[in-house]
Amino acid sequence: MVKFNYSILLTFIMVLMAIINGSATTPYNAPFSIFVIPDSSLIGKQAFLELRYHNGHSIYPDSLTIDGNAFHFDVPADTMAYVFVLINGTMNYAMGLPENQRCTLKADLQTHIMTGGLLNDERARMFVETEKAWQKLYSTNETAKNDSTITSENKKEIIGQAQNELRALLDSLCIPVLKSNDNPLGIYALGEWFKWYRWEYQGIEEGLALIDNNVGPFVKNSSVYSSSINILRARAETSVGKPIKDYTFENSHPQGAPLSIHSYLGQDKYLLLDFWASWCGPCIKSIPELKEVQYRWNDKLEVVGISVNDEIQSSLQAIEKHNMDWPQLLSNEERVNLQYGLDYVPCCILLDPDGTILAIGPLENITPILETIF
C-alpha cells in the first residue's frame with residue numbers, strides 16, 4: 001500500500017475545509033477504515049481511495065494493486081468529503097460518507113454503497129429506498145407511454161399519480177433526515193430530495209420554504225445547498241404564468257450576430273424555445289419531432305433553438321448535419337442554464353406571443369398543449 005505523510009495531508013485537508021466550510025474545525029475528527037472484499041475478476045486492477053470534496057475537488061491519498069485478498073484503506077481524521085473506493089478501468093466502486101466515530105466500513109463494489117457506521121447505514125437505507133422509487137416511476141412511465149390501449153389523457157393521469165407518489169416518498173424520507181442531521185448525511189439527503197426538482201418546475205415556492213425551515217448551518221454552508229437553492233430560485237422565476245427573462249447570446253445562426261430571446265417576441269406568434277446541446281443524444285433524437293412541430297404550425301409558431309453549455313463550432317456542425325433550419329441562439333456558457341434553472345436537456349419552454357410562459361418540459365409534453373392551442 002502506498003505510504004503518505006499524513007501530517008502534511010491533514011494540514012492540506014484542514015485548510016481546504018476552512019475555505020469550503022468557513023472553519024477547519026469539524027465534529028468529524030475520528031479516522032475510520034474501509035474494508036473491501038474484491039471479486040476474483042479484479043485481480044491485478046488498481047484500487048484507489050478518493051476523497052471528493054463538495055466543491056468538486058478530489059485527492060487520492062492511497063492506492064494498491066488487488067491481489068485477490070481482502071484489503072482496506074485508512075481514512076484520515078477530519079476528512080469532510082465523500083469517500084470513494086474506485087477500481088481503475090471498471091464500473092466497480094463504492095461511495096460513503098465521513099463518520100464521526102471510529103469504525104470500519106464495508107464497501108460493496110456491486111451496489112456501490114458502504115455500511116458499518118451510523119451515517120453510512122442510514123445513507124444505504126435511503127439509497128435503496130429512493131432507487132427503488134425512481135425505478136418504479138421509470139417503469140410506470142415507459143409502460144404507460146407504450147400502452148396503445150389507453151388514451152393520452154389516461155397516460156398522463158397514470159404518470160402523474162406515480163410522480164406524486166415519488167414526490168411524497170422523497171419528502172417523507174429525506175426531510176426528517178435533513179432536519180435531524182446537520183452533517184454530511186444531511187447534505188446527502190438534500191441531494192436526494194433535490195433530484196425531484198431536476199425535472200420538475202411545479203411547487204418551487206413550497207420547496208424553497210421546506211428547505212429553509214429544515215436545514216441547519218452545516219448543510220447551508222455546503223455547495224450542494226447553494227447550487228440547489230440557486231436552481232430553485234431561478235426556476236421560481238421561470239415558471240408557468242411568469243414572463244420569460246431575457247438573455248442576450250453573443251452568437252446566433254444564421255444571423256451570426258448577438259441576439260436576445262426578447263427579439264423574437266411581439267411578432268403575433270407563439271414561441272417554442274428548444275434548449276439542446278450537440279453532445280446530448282436525446283436532443284438529437286428529438287430533432288425529427290421538432291421538424292414536424294415546425295412544419296405543422298409554421299404560421300402560428302416560431303421555433304428557436306438554444307444551444308447551451310456546448311462549443312459553438314460543435315453546435316454549428318450539428319445544425320448543418322441535421323438540417324436544423326430554424327433560428328439558433330448559441331452559448332458555451334453555463335450561465336444560460338443558471339438563468340432559467342435548467343438542470344437537463346432537452347427541455348422546451350412554450351411562450352405566448354407576449355412572452356408569458358405557458359409550459360416547460362420535454363417536447364413530448366409540449367406537443368399536446370400545442371394541439372389544444374391551435
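Heavy atoms only: backbone and side chains are in, while hydrogens, waters and symmetry mates are out.
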Sidechain-backbone polar pair: [X] side chain, [Y] backbone, donor-acceptor under 3.5 Å:
X      : Y      : result
Asp182 : Val219 : yes
Ser222 : Phe218 : no
Thr356 : Asp352 : no
Asn164 : Gly160 : yes
Gln339 : Asp246 : yes
Glu99  : Leu119 : yes
Ser139 : Lys136 : no
Arg52  : Met95  : no
Asp74  : Ser33  : no
Thr143 : Thr140 : no

For atom [atom1] of [X], is the number of surrounding heavy atoms from other residues, nucleotides or ligands below 6.0 Å larger than 12?
X      : atom1 : result
Gln161 : CD    : no
Lys321 : NZ    : no
Gln267 : CD    : yes
Asp268 : CG    : no
Lys220 : NZ    : yes

State yes or no: do [X] and [Y] share one hydrophobic cluster built from I, L, V, M, F, W and Y residues joined by side-chain heavy-atom distances below 4.5 Å, directly or via other members?
X      : Y      : answer
Leu342 : Val303 : no
Phe194 : Leu338 : no
Phe249 : Leu330 : no
Val177 : Trp196 : yes
Ile287 : Val308 : no

Full working for side chain to side chain contact (heavy atoms under 4.5 Å, CB included) between Glu250 and Ile312 | CA-CA 10 Å; Glu250 294 301 316; Ile312 302 300; over 6 Å; no
Side chain to side chain contact (heavy atoms under 4.5 Å, CB included) between Leu210 and Glu206: does it pass, once the steps are laid out?
-> CA-CA 6 Å; Leu210 196 61; Glu206 293 88 342; over 6 Å; no
So His112 and Tyr93, would you call those rings parallel, tilted or perpendicular, with 30° and 60° as cut-offs?
->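 Because their plane-to-plane angle is under 30°, the rings of His112 and Tyr93 count as parallel.
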Could you tell me whether the side chain of [Y] reaches within less than 4.5 Å of the side chain of [X], counting heavy atoms only?
X      : Y      : result
Lys155 : Ile158 : no
Trp326 : Leu272 : no
Asp171 : Trp193 : yes
Asp354 : Leu265 : no
Ile306 : Phe275 : yes
Lys145 : Glu142 : yes
Trp297 : Tyr270 : no
His262 : Ile244 : yes

Polar contact flag, side-chain donor to acceptor under 3.5 angstrom, Asn309-Glu333 |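 Judged by distance alone, the side chains do not pair up.
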Would you compute the distance between atom [atom1] of [X] and atom [atom2] of [Y] and round it to the nearest 0.5 angstrom?
X      : Y      : atom1 : atom2 : result
Leu166 : Tyr138 : CG    : OH    : 8.5 Å
Gln317 : Ser278 : CD    : OG    : 8.0 Å
Asn183 : Tyr188 : CG    : OH    : 13.5 Å
Leu97  : Leu118 : CG    : CG    : 11.5 Å
Asp108 : Asn92  : CG    : CG    : 9.5 Å
Glu289 : Ile366 : CD    : CD1   : 10.5 Å

Testing [options] for side chain to side chain contact (heavy atoms under 4.5 Å, CB included) with [X], which one passes?
X      : options                    : answer
Gln46  : Thr90, Thr65, Ile87, Leu86 : Thr65
Leu358 : Leu351, Leu370, Leu350     : Leu350
Ile369 : Thr367, Asn365, Ile373     : Ile373

Could you pull out the closest heavy-atom pair between [X] and [Y], with the gap in Å?
X      : Y      : result
Pro38  : Ala70  : CD-CA, 3.9 Å
Phe127 : Thr111 : CE2-O, 3.8 Å
Ser239 : Ile360 : CA-CD1, 4.1 Å
Thr248 : Pro258 : CG2-CB, 4.4 Å
Gly116 : Cys103 : O-CB, 4.1 Å
Asn298 : Lys269 : O-NZ, 2.9 Å

Going through the distances and angles, do Trp279 and Glu311 end up as a side chain to side chain contact (heavy atoms under 4.5 Å, CB included)?
-> CA-CA 10 Å; Trp279 44 260; Glu311 294 298 325; over 6 Å; no
Test Ile187 against Tyr82 for side chain to side chain contact (heavy atoms under 4.5 Å, CB included), laying out the working first.
-> CA-CA 10 Å; Ile187 295 176; Tyr82 288 130; 3.7 Å; yes
Under 4.0 Å between a Lys/Arg side-chain N and an Asp/Glu carboxylate O for [X] and [Y]?
X      : Y      : result
Glu371 : Arg296 : yes
Glu153 : Lys156 : no
Arg125 : Glu122 : yes

Does the salt bridge (charged side-chain N to carboxylate O under 4.0 Å, His left out) test come out yes or no for Lys195 and Glu192, once each step is laid out?
-> CA-CA 5 Å; Lys195 283 181 182 179; Glu192 288 299 299; 2.9 Å; yes
Start with the C-alpha gap between His72 and Phe35, add the side-chain angles, then the distance that decides, and say whether ring pair (Phe, Tyr, Trp, His ring centres under 6.0 Å) holds.
-> CA-CA 4 Å; His72 76 278; Phe35 182 73; 7.8 Å; no
